Asks: 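Pasting a structure here, questions to come.
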Protein chains: 2
Amino acid sequence: MPKVSEEHREARRRQILDAAWVCFARNGFHKTSMPDVFAEAGLSAGAVYRYFPGKEALITAIAETSMRQLVEILDAHLRAPDLPPPEELLPELMEDLTALGGSAPAPMAPQVWSEMMRDPRIAGAVAGTLGDIQQRLAEMCRRYQAAGVLAPGLDPGDTARVLVALIQGWIIQWNTMGLAAHQQITAGVRGLLTRAPRSATHG
Amino acid sequence: MPKVSEEHREARRRQILDAAWVCFARNGFHKTSMPDVFAEAGLSAGAVYRYFPGKEALITAIAETSMRQLVEILDAHLRAPDLPPPEELLPELMEDLTALGGSAPAPMAPQVWSEMMRDPRIAGAVAGTLGDIQQRLAEMCRRYQAAGVLAPGLDPGDTARVLVALIQGWIIQWNTMGLAAHQQITAGVRGLLTRAPRSATHG
DNA sequence: CATCGTAAAACGAATGTTCTTGCGCGTGGG
DNA sequence: CCCACGCGCAAGAACATTCGTTTTACGATG
């Protein structure tokens, strides 16, 4: 017989995860101690350990959430009746990502990608979500090809992987080198894609 | 009066840095303990601390070195009489990077980029080198434009930043998702750039 | 009354760093 | 030329913290 409502339990989980998010974004996974999370959550050690078995569970949950944010943004664009022009797609995605948080997009992402290399549990929890991202971008490529604004000879899956890589590097540069780098990349992408191979000109 | 030759001292530094490189590549910066480095170097704690003030000095030195590797590869290409065709440039760079180490290129890079966000000393040590990389790529863009294989309207600096982002994401995906991802990106880049805006068709 | 949460203490393990010790070689007095 | 001295180098035990986690006892609450 539960003594508190299920919503209360879920709210506590969120409270803890939100606190962990703040701490991880501020100091990184490794330089964040569990007492840091306790303090940020305003909870005691016992309370946190009642909801999560340990620090690694917090990390994997946060890592998976951070990647899923991008999937949801892509889904929102896919649900819309039509996509922005190709040269505006990535800039819009970056703007949406920035709107989620602070001044730079996805501040958790670089350390997630770094951690994937050495922590199989994080890799397992995140790899599927990265595949989802690629799949959404491939679908967008197909739509562009159907609309005649992208060369039909391009493989959507391969092209999507290139876009994933570009997004990853974009996020890294925005987070490490600041807004100026972001604006340069925006200009560069617009310049490249407004001259990009389209069905109409290369079909 | 030094009791050992200067070459001996420099050899010891290299010995320690090489050991740190192996440890950091294997377990990451944070999951590598100083005793790990001692063991890998075959030296004692006192010996290592005689040559480096602490762990952070090792990290920054390794981080800077790892980024400079890419600069040197780019310089090698710039010294050559002519560049490969644009669609082969990035694949060749990735091959050169892979030749330096194991099965994936620049295994240190993702954690360096992640660490830049939170450690100002690493950011300071690496930002300049990243700027060097961008500058080399911009020079390559200018050469391509002069050769008429890249649209002259593109800003070399902005385009170079896009290439940096693409390389960063490429390295991440190769390291985290394996060789299959690399091959997909290679195919995607070739597909995009063989249809890329060139002076001859858009001039 | 069972449960949830708190506060605090304690846990062993592991961390980065320092300290003390002694080995070994270059050097200066014989 | 030889030998013992002395110093730089390295070793590795020992340092104080800090870590993640568990446990304790106690109060609040449904």
Side-chain angles (χ1 to χ4, degrees), chain A residues 1-24 26-63 111 115 118-122 125, chain B residues 1-24 26-63 111 115 118-122 125:
Chain A
M1 178 165 304
K3 301 308 168 191
V4 296
S5 69
E6 188 57 36
E7 301 107 32
H8 185 215
R9 290 192 60 88
E10 193 55 33
R12 279 265 189 265
R13 269 188 64 97
R14 283 278 170 76
Q15 176 182 358
I16 294 168
L17 284 175
D18 288 350
W21 183 283
V22 170
C23 292
F24 291 158
R26 182 170 47 211
N27 294 117
F29 294 147
H30 297 291
K31 287 178 186 166
T32 293
S33 67
M34 291 299 277
D36 290 340
V37 178
F38 307 152
E40 181 68 34
L43 291 174
S44 65
V48 171
Y49 275 95
R50 184 181 300 274
Y51 289 89
F52 292 91
K55 186 181 186 180
E56 190 168 293
L58 286 177
I59 293 179
T60 58
I62 293 288
Q111 55 176 325
E115 219 58 32
R118 257 152 301 266
D119 193 325
R121 292 198 249 207
I122 295 184
Chain B
M1 179 155 310
K3 297 300 175 185
V4 296
S5 67
E6 186 58 35
E7 302 108 29
H8 184 216
R9 292 192 58 89
E10 191 56 33
R12 278 263 187 268
R13 269 188 63 96
R14 282 279 168 78
Q15 177 182 358
I16 295 167
L17 284 175
D18 288 349
W21 182 282
V22 171
C23 292
F24 291 158
R26 182 168 47 210
N27 294 117
F29 293 148
H30 297 292
K31 288 178 186 167
T32 294
S33 68
M34 292 298 277
D36 290 340
V37 179
F38 306 154
E40 181 68 33
L43 291 175
S44 66
V48 172
Y49 275 94
R50 181 178 299 277
Y51 290 89
F52 292 92
K55 186 181 186 180
E56 189 168 295
L58 286 177
I59 293 179
T60 58
I62 294 289
Q111 51 177 331
E115 218 61 30
R118 260 151 225 103
D119 193 325
R121 291 198 249 206
I122 296 183

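Basis for what follows: all heavy atoms, side chains included, without hydrogens, waters or symmetry-related copies. On a predicted model such as this, the values are computed, not experimentally measured, just so you know. Every chain is numbered from 1 and lettered A, B, ... according to where its sequence line falls, protein lines coming before strand lines.
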Asks: Nearest of D/dA13, D/dG20, D/dA10 to any side-chain atom of A/Pro35?
Replies: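 Closest of the options to the side chain of A/Pro35: D/dG20.
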
Asks: What's the closest nucleotide to the side chain of B/Met34 if the choices are C/dT17, D/dA11, D/dT21?
Replies: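 From the listed options, C/dT17 comes nearest.
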
Asks: In whole Å, what is the span from the NZ atom of B/Lys55 to the P atom of C/dT15?
Replies: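 Those two atoms, NZ and P, are 8 Å apart.
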
Asks: Would you say B/Lys31's side chain and A/Arg118's backbone share a donor-acceptor pair under 3.5 angstrom?
Replies: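 Such a contact is absent between B/Lys31 side chain and A/Arg118 backbone.
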
Asks: Could you give the NE2-to-P distance, from A/His30 to D/dC19, as a whole number of Å?
Replies: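 Value for this atom pair: 14 Å.
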
Asks: Could you measure the distance from the OH atom of A/Tyr51 to the CD atom of A/Glu10? Nearest 0.5 Å is fine.
Replies: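 Here the interatomic distance stands at 9.5 Å.
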
Asks: Does OP1 or OP2 of C/dC4 have a side-chain N or O of A/Tyr51 closer than 4.0 Å?
Replies: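 Looking at the OP1 and OP2 atoms of C/dC4, neither is under 4.0 Å from any side-chain N or O of A/Tyr51.
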
Asks: Quick one: A/Asp36 CG to D/dG20 P, roughly how many Å, whole number?
Replies: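 Taking atom P of D/dG20 as the reference, CG of A/Asp36 is at 8 Å.
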
Asks: For A/Lys31 and A/Gly46, find the nucleotide of DNA chain D closest to each by heavy atoms; which residue's nucleotide sits nearer the 5' end?
Replies: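 It is A/Lys31, whose closest nucleotide lies nearer the 5' terminus.
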
Asks: When you measure from the side chain of B/Ser33, which nucleotide among D/dC19, C/dG16, C/dT18 comes out closest?
Replies: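 Shortest atom-to-atom distance from the side chain points to C/dG16.
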
Asks: Roughly, in whole Å, what's the span from OH in B/Tyr49 to P in C/dT17?
Replies: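 So the OH-P distance, B/Tyr49 to C/dT17, works out to 4 Å.
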
Asks: Atom CG of A/Asn27 and atom C1' of D/dC19: how far apart are they, to the nearest Å?
Replies: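 That distance rounds to 15 Å.
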
Asks: Side-chain N or O of B/Arg12 less than 4.0 angstrom from OP1 or OP2 on D/dC9?
Replies: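 Indeed not, no polar side-chain atom of B/Arg12 lies that close.
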
Asks: Measuring from atom SG of A/Cys23 to atom CZ of A/Phe38, what distance do you get when rounded to the nearest 0.5 angstrom?
Replies: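 Rounded to the nearest 0.5 Å, the SG-CZ separation comes to 10.5 Å.
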
Asks: Side chain of A/Gln15, backbone of A/Ala41: donor and acceptor closer than 3.5 Å?
Replies: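 Pair found, side chain donor or acceptor close to backbone of A/Ala41.
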
Asks: Report the distance from atom CD of B/Glu56 to atom C1' of C/dT15, rounded to the nearest whole Å.
Replies: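 It works out to 15 Å between those atoms.
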
Asks: CZ/A/Phe24 to CD/A/Glu40 distance, rounded to the nearest 0.5 angstrom?
Replies: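 The CZ atom of A/Phe24 sits 11.5 Å away from the CD atom of A/Glu40.
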
Asks: Looking at D/dA11, I'd like to know if its phosphate oxygens (OP1 or OP2) sit under 4.0 Å from a side-chain N or O belonging to B/Arg50.
Replies: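 It does not, given that no N or O in the side chain of B/Arg50 lies less than 4.0 Å from OP1 or OP2 of D/dA11.
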
Asks: Between atom CG in A/Leu58 and atom C1' in D/dT21, what is the gap in whole Å?
Replies: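 The answer, rounded to whole Å, is 13 Å.
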
Asks: Give the rounded distance in Å between these two atoms: CZ of A/Phe38 and P of C/dA7.
Replies: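 Rounded to the whole Å, the gap is 13 Å.
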
Asks: So, is B/Ser44 close to the D/dA10 phosphate, meaning a side-chain N or O under 4.0 Å from OP1 or OP2?
Replies: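 Result: no.
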
